[in-house]
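Just so we're on the same page: letters track the sequence lines, and every chain starts at 1.
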2 protein chains.
Amino acid sequence: MSGSRGRALGIRGVAEKAGVSISTASRYLNGKRVRPDAEKRVAAAVLELGYLPNRVAQSLRRRRTTTLGMIIPDITNPFFPAVVKGVEDTARSAGFAVVLLNSGDDGVRESECLAVVHSLRCDGLLMIMAPLGAHQLRRRPAAPHELKLPGVYIATAPDFEADLVMADDARAAEQAVRHLVSLGHERIGCVAAESDLSVHRNRFEGYRSALRKAGLPEQPENQVRARPTVADGYSATAQLLARSPRPTALFATSYRLTIGVMSAIESDGLRCPEQISVIGYDSYDWQDVFHPRVSVIGQPAYLMGARAAELLLARLSGRKTGPPERILLQSNLVLRESSGPAPRS
Amino acid sequence: MSGSRGRALGIRGVAEKAGVSISTASRYLNGKRVRPDAEKRVAAAVLELGYLPNRVAQSLRRRRTTTLGMIIPDITNPFFPAVVKGVEDTARSAGFAVVLLNSGDDGVRESECLAVVHSLRCDGLLMIMAPLGAHQLRRRPAAPHELKLPGVYIATAPDFEADLVMADDARAAEQAVRHLVSLGHERIGCVAAESDLSVHRNRFEGYRSALRKAGLPEQPENQVRARPTVADGYSATAQLLARSPRPTALFATSYRLTIGVMSAIESDGLRCPEQISVIGYDSYDWQDVFHPRVSVIGQPAYLMGARAAELLLARLSGRKTGPPERILLQSNLVLRESSGPAPRS
DNA sequence: TTGAAAGCGGTACCAA
DNA sequence: TTGGTACCGCTTTCAA
């Protein structure tokens, strides 16, 4: 009746009830051939006892846990859930469970997370680096590659060779700004995340590159860096808006910054896109319905997670060998209504 | 130099290098008293070897994994990340890691998740039930309480006694609708999640209760149920809006439904709140900046996760005993601009 | 094919 | 206090 009455007996109990040796039970459970009648008896015993193998014991013996660690800055940032989902879905299809750790945008906590993953003996690691203090990673506990822990980095590249899945940030940013240029904007500001992560550097470079290619001046006075929070995005934008002449378009390099930018624009009583255009980062369904409908660069978040997990799994199974791979996924420009023609001066 | 060169020797290696027995090394590592010089030598060996205890082995022997399973419908629904964070933060402070599983709103997958948690021998379970097919939970693998797996439910109550952390959905919904009434609305529609989960039932009941207490008619023609997706929220709302006379206010019982409702309203060319008011569910920072600024009921998501984890941890440690506890947390009505006076007919 | 037995890396009991 | 050792539950030789 019940699947787990009394103390769990383990495989020993199954073997006894089936009248076979532990070895035979184990073999059956692992899909190896056993004599037909034994097969039936073991199967029956398993069912009756509601037996589920103890993965802790399996892990100890097999020296693999079929478990993946995933370290992310903060699940509360809406970009991450989709990549986590991508990871989880593909990991689970392969029988792997994932342990999720939030580093809290903090380099030292990130190191602690790494220690947990190591201590748990996860077979592999999916890592999205923290924006602040990522350099800490180079201290003890060591970086993944020093731990010889198979790992793939997501979204942002570490400063050593490693498997990596990232979006084409520079290209996408450049395209976004080029679009602004094509709309007639000449003073294009940038509210950039203050971070030494490659993601953010690349986005900023994409912005500058677009300016350059368009023959527009460097305009450092229209660029400002901010910690990637709504509040800091707001004040950074307020600064920019105070300039005279002020920019007619703004590019924000992260989700929270985008919210901050829009908020500051509204506070200033500016109409978007009539008086000022903006293109932000990361795309969500609510943006299709709330105003101003903000134009953004959308990242293939789910896919990034899925591809990263696939690569890691392939590495673990030995299906894939060779030098570190770098997978570049395409972002796409989602044009909504916050980007319009430059106002005539 | 390196923390993990060559094959890991384990505690055995530490003991050897320190010139003590394995037992002594183990004792030291577990904070028990050992003779002072041994203490120093072991500490040095640990450092030099970069030794980190193998939690798999510890778990097998101690029969506890210091690991929590957490099953949620879909991390991609923005309500969940905050509760996950609450869980993770408090779990980690207590030395617990959390394994995150998405049930995908699907009852049978939810059962599989449960099997994984069981197989992994997680010490406890945090469960947010899936909206669809939750009844499946009563099949094999059994429900948590049948597995004798300590667990606390979050957000929605199972149909048996269990530790539980939930928001005061009925009260909050009633308050929201009462507010609409106080604004002069009489035809108040409800776009309710089609689900037998207690969360959703309670919200709907809160709505009806407010109507009743206000002496307003039942108006079933203004109520519609929809699967909790943006698309279904949209079409359900479209239906409601086609009625004549149409409702002057709408209450949506979930986040995605709220988006769908706003979208349908806009498609109909209705101005909100001038022509129609709405109060939705779940509060996010972007709602303060994008229009219409939607009024919603905000749940204490992070706190729900944190309290649930606390309770579970207390249960595991034996600090807390006794009958199932039911923790009720307060939601709050966030009035923004989508709720205004009823239009004069 | 099958069963006995040796571990996997720790913990904890027991005698010294 | 310390060291020797059985054991946690399962996998995997190895010999029969």
Figure out the [atom1]/[atom2] separation between [X] and [N], and round it to whole Å.
X     : N      : atom1 : atom2 : answer
A:L60 : D:dT11 : CG    : P     : 11 Å
A:L52 : D:dG9  : CG    : P     : 15 Å
A:E39 : C:dT2  : CD    : C1'   : 15 Å
A:K32 : D:dC10 : NZ    : P     : 15 Å
B:N30 : C:dG9  : CG    : P     : 17 Å
A:L49 : D:dC10 : CG    : C1'   : 16 Å
A:Y28 : C:dT1  : OH    : P     : 17 Å
A:R62 : D:dC10 : CZ    : P     : 11 Å

* Does C:dG10 have OP1 or OP2 sitting under 4.0 Å from an N or O in the side chain of B:Q58? -> no

* To do: Determine: side-chain N/O of B:S26 to OP1/OP2 of C:dG10, distance under 4.0 Å, yes or no.
  =>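 For C:dG10, OP1/OP2 do not have a side-chain N/O of B:S26 under 4.0 Å.
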
* Pair of N/O donor and acceptor under 3.5 Å linking D:dG3 base with B:R27 side chain -> yes

Out of [options], which nucleotide sits closest to the side chain of [X]?
X     : options               : result
A:A38 : C:dT2, D:dC8, D:dG3   : C:dT2
B:R35 : C:dT2, D:dC10, D:dT2  : D:dT2
A:R33 : D:dC10, C:dT1, C:dG10 : C:dT1

* Asked: Is A:E325 paired with A:K320 through a side-chain N to carboxylate O contact shorter than 4.0 Å?
  ->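 So A:K320 pairs with A:E325 through a salt bridge.
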
* Going by an N to O cut-off under 4.0 Å, is there a salt bridge joining A:R35 and A:E39? ->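 Result for this pair is no, no salt bridge flagged.
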
* Go through the structure and list residues passing salt bridge (charged side-chain N to carboxylate O under 4.0 Å, His left out) with B:D123, not counting sequence neighbours. => none

* To do: Please identify each residue that fulfils salt bridge (charged side-chain N to carboxylate O under 4.0 Å, His left out) with B:R326, with sequence neighbours left out.
  =>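 Here no residue qualifies.
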
For [X], give me all partners under side-chain contact (heavy atoms from CB on, under 4.5 Å), at least two apart in sequence or on another chain.
X      : value
B:P81  : A:I75, A:P81, B:I75
B:T24  : B:V20, B:S21, B:R27, B:V34, B:A38
B:R121 : A:N54, A:V56, B:T65, B:H118
B:R61  : none

* Asked: Which heavy atom of A:A157 sits nearest a heavy atom of A:M129, and at what distance?
  ->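 Answer, listing the atom of A:A157 first, then A:M129: O-CE, 3.5 Å.
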
* Asked: At what angle, to 10 degrees, do the two end axes of the helix from C:dT1-D:dA16 to C:dA16-D:dT1 meet, given five pairs define each axis?
  -> 40°

Interface polar pairs with nucleotides 5-7 of chain C, N/O, under 3.5 angstrom:
from: C:dG7; atom 1: N2; to: A:R61; atom 2: NH1; distance (Å): 3.1
from: C:dG7; atom 1: N3; to: A:R61; atom 2: NH1; distance (Å): 3.3

Name the atoms and distances for all side-chain donor-acceptor pairs under 3.5 Å in residues 302-311 of chain A, with sequence neighbours left out.
from: A:Y302; atom 1: OH; to: A:D89; atom 2: OD2; distance (Å): 2.6

* Asked: Taking for each residue the nucleotide of DNA chain C with the nearest heavy atom, is it B:R12 or A:S21 whose nucleotide lies nearer the 5' end?
  ->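 Closer to the 5' end of DNA chain C: A:S21.
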
* Sugar-phosphate only, base, or nothing, as touched by B:V56 at under 4.0 Å among non-hydrogen atoms -> nothing

